[in-house]
Amino acid sequence: MMGHAAAEIMDPGERERAQLERLRRTVRRVAAVPFYRDALAERGVLPDDLTCLADLRTLPFTTKDDLRRGYPFGFLTVPREEIVRVHTSSGTTGKPVVAGYTRQDLDLWAEVMARTLRCAGVDQRDVLHNAYGYGLFTGGLGFHLGAEAVGATVVPASGGVTKRQVMLLVDLGATVLTCTPSYALVIAETAREMGVDLRRDGALRVGIFGAEAWSGGMHRQLEEQLGLEAFDIYGLTEIIGPGVAVECSAHQGLHIAEDHFLPEVVDPDTGEPLAEGETGELVLTTLTKEGMPLLRFRTRDRTALHRGKCACGRTLVRMDPIRGRTDDMLVVRGMNLFPSQVEELLLADPAVGSNYLLVVERKENRLDQLEIQVELHPEAWAAGEESRGRHEHRLSFELRGRLGISARVVAKEPGSLPRSEGKAKRVADRRELG
Ligand code: DLL
């Protein structure tokens, strides 16, 4: 088990004892936050009442709305002066969540990110091209910290100016590419347009992709187009950023750094804990965070947990890749649908390119219309209108047969759908509710 940190391979019983001790410490710590002080008092829970990890369920949940109500610094357990860095959560309009890090939190982040990178086989011999966005988003600076801690040569490319990225990838001999899966596709596509074959001209060996949901089909496409082994990485700003969980070379789910982030899966409607292997909402409790520790944060991400040893030797719990959030589920004419299910089906089709968009419309209280716009492969597009029509028919037939949804499929010219440097937007919900 060369190279694995002791915390990754320790005996699960021993780990549980450490987790419980850290949980008690965290409960003591969060009492400094009015939200938690009140919620704990209401439940009558004292830190020493926690006698086993199952007692976690006696603690209050924290939602994104709770954090927004505390905007910007209401959840800090240290004076603001001890915060040396902030990041903000991405997406959605309105006020973001501000995450504050103490010096010790940054050290923790570097440690879990270094562990993450080693899990994907990165070490000091690597040249790591980091194309996650630098700035308020945690992707860029989080990977940067970890890569420096591992001792790799970091290229802080950030997102954008893709042609220059392709040039640097080749010229600097990058062995590791880190960015969102959708931006990795843009890089692959731009390289092709430039006449660069990254498989032949590049030295890429590992890709660490995350920050958005991506399907198994996308995983295979990226490996093929870039000539690397792809690893899924998961994390979120509220908890720390990237570094919460990552795949190992066994590719049997993502190992959660559970000595620092305690996971549960609950029924999203009732909040009741679910058994191992059951899919529900991931809930995370930080065990060692100093500036902004959180109890039972509702991630809204859907997954299942699996215990039992992994072929890689780690005893850390694994979670299934996140294929959707409880709030990105589309309900179209009463059918539940996750965009990633559509992605899996589309990308399995040889005529289809890698970009697609789901457009849902509802006009004048008529039934919802789902239109799926898909870019075809250049050859399939060039084959003419009649052939394009056949592809559209076949795809909508398969969508009905395999996912039970009726959708109009519209073939699009390669390169015509919007591209993203960060998280891709795959759904345009244009329903006028009224
Ligand atoms: O996306 C942190 C991150 C940066 C993770 C770089 C991985 C790599 P947020 O911007 O706060 O943080 O968004 C968090 O993104 O709740 C998920 O819904 C989604 N997400 C993150 N990683 C994955 C993944 C960063 N591997 C939200 N698969 C989370 C699916 C993911 N969804």
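Worth saying up front: this structure is predicted, and the values here are computed from it rather than measured. In each ligand, atom 1 is the first atom listed, and ligand 1 is the first ligand listed.
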Which residue and heavy atom of the protein sit nearest [atom], plus the separation:
| atom | value |
| --- | --- |
| atom 16 (O) of ligand 1 | Asp301 OD2, 2.7 Å |
| atom 19 (C) of ligand 1 | Ala211 O, 3.7 Å |
| atom 11 (O) of ligand 1 | Thr237 OG1, 2.5 Å |
| atom 28 (N) of ligand 1 | Glu212 O, 3.2 Å |
| atom 25 (C) of ligand 1 | Gly235 O, 3.5 Å |
| atom 10 (O) of ligand 1 | Ser90 OG, 2.6 Å |

Could you tell me whether [X] and [Y] make a salt bridge, using a distance below 4.0 angstrom between a side-chain N and a carboxylate O?
| X | Y | value |
| --- | --- | --- |
| Arg419 | Glu189 | yes |
| Glu212 | Lys423 | no |
| Asp197 | Arg199 | no |
| Lys64 | Glu238 | yes |
| Glu258 | Arg307 | yes |
| Asp259 | Arg115 | yes |

**Request:** Report yes or no: is the cationic atom of Arg69 (NZ for Lys, CZ for Arg) under 6.0 Å from the centre of the six-membered ring of Phe35, at an angle within 45° of the ring normal?
**Result:** no
**Request:** Considering the heavy atoms of Asp232, write down every atom of ligand 1 situated less than 4.0 Å from one of them.
**Result:** 24 (C), 26 (N)
**Request:** Pull out every atom of ligand 1 sitting under 4.0 Å from any heavy atom of Gly139, numbered as shown with elements.
**Result:**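 Taking each heavy atom of Gly139 in turn, ligand 1 has 4 (C), 6 (C) under 4.0 Å.
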**Message:** If the contact criterion is a heavy-atom separation under 4.0 Å, does Phe137 count as touching ligand 1?
**Reply:**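 Yes, Phe137 has heavy atoms under 4.0 Å from ligand 1.
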**Message:** Does the residue Lys423 have a heavy-atom contact with ligand 1, meaning some pair of atoms that are separated by less than 4.0 Å?
**Reply:**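 Within the 4.0 Å threshold, so yes.
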**Message:** Can you tell me which residue among Glu344, Glu343, Glu229 is in a salt bridge (charged side-chain N to carboxylate O under 4.0 Å, His left out) with Arg220?
**Reply:**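 For Arg220, the salt bridge (charged side-chain N to carboxylate O under 4.0 Å, His left out) test succeeds with only one of Glu344, Glu343, Glu229, which is Glu344.
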Between [X] and ligand 1, find which residue part has any heavy-atom pair under 4.0 Å and reply side chain, backbone, both or neither.
| X | value |
| --- | --- |
| Ile322 | both |
| Leu236 | both |
| Tyr132 | side chain |

**Request:** Taking the side chain as every heavy atom from C-beta outward, state whether Ser420 and Tyr183 have any pair of such atoms under 4.5 Å apart.
**Result:** no
**Prompt:** Do any nitrogen or oxygen atoms of Leu254 lie less than 3.5 angstrom from nitrogen or oxygen atoms of ligand 1?
**Reply:** no
**Message:** Is there a polar contact between ligand 1 and Trp214, counting only N or O atoms under 3.5 Å apart?
**Reply:** no
**Item:** Member of Arg302, Arg298, Arg325, Arg300 meeting the side-chain hydrogen bond (donor to acceptor under 3.5 Å, both in side chains) criterion with Glu281
**Value:** Arg298
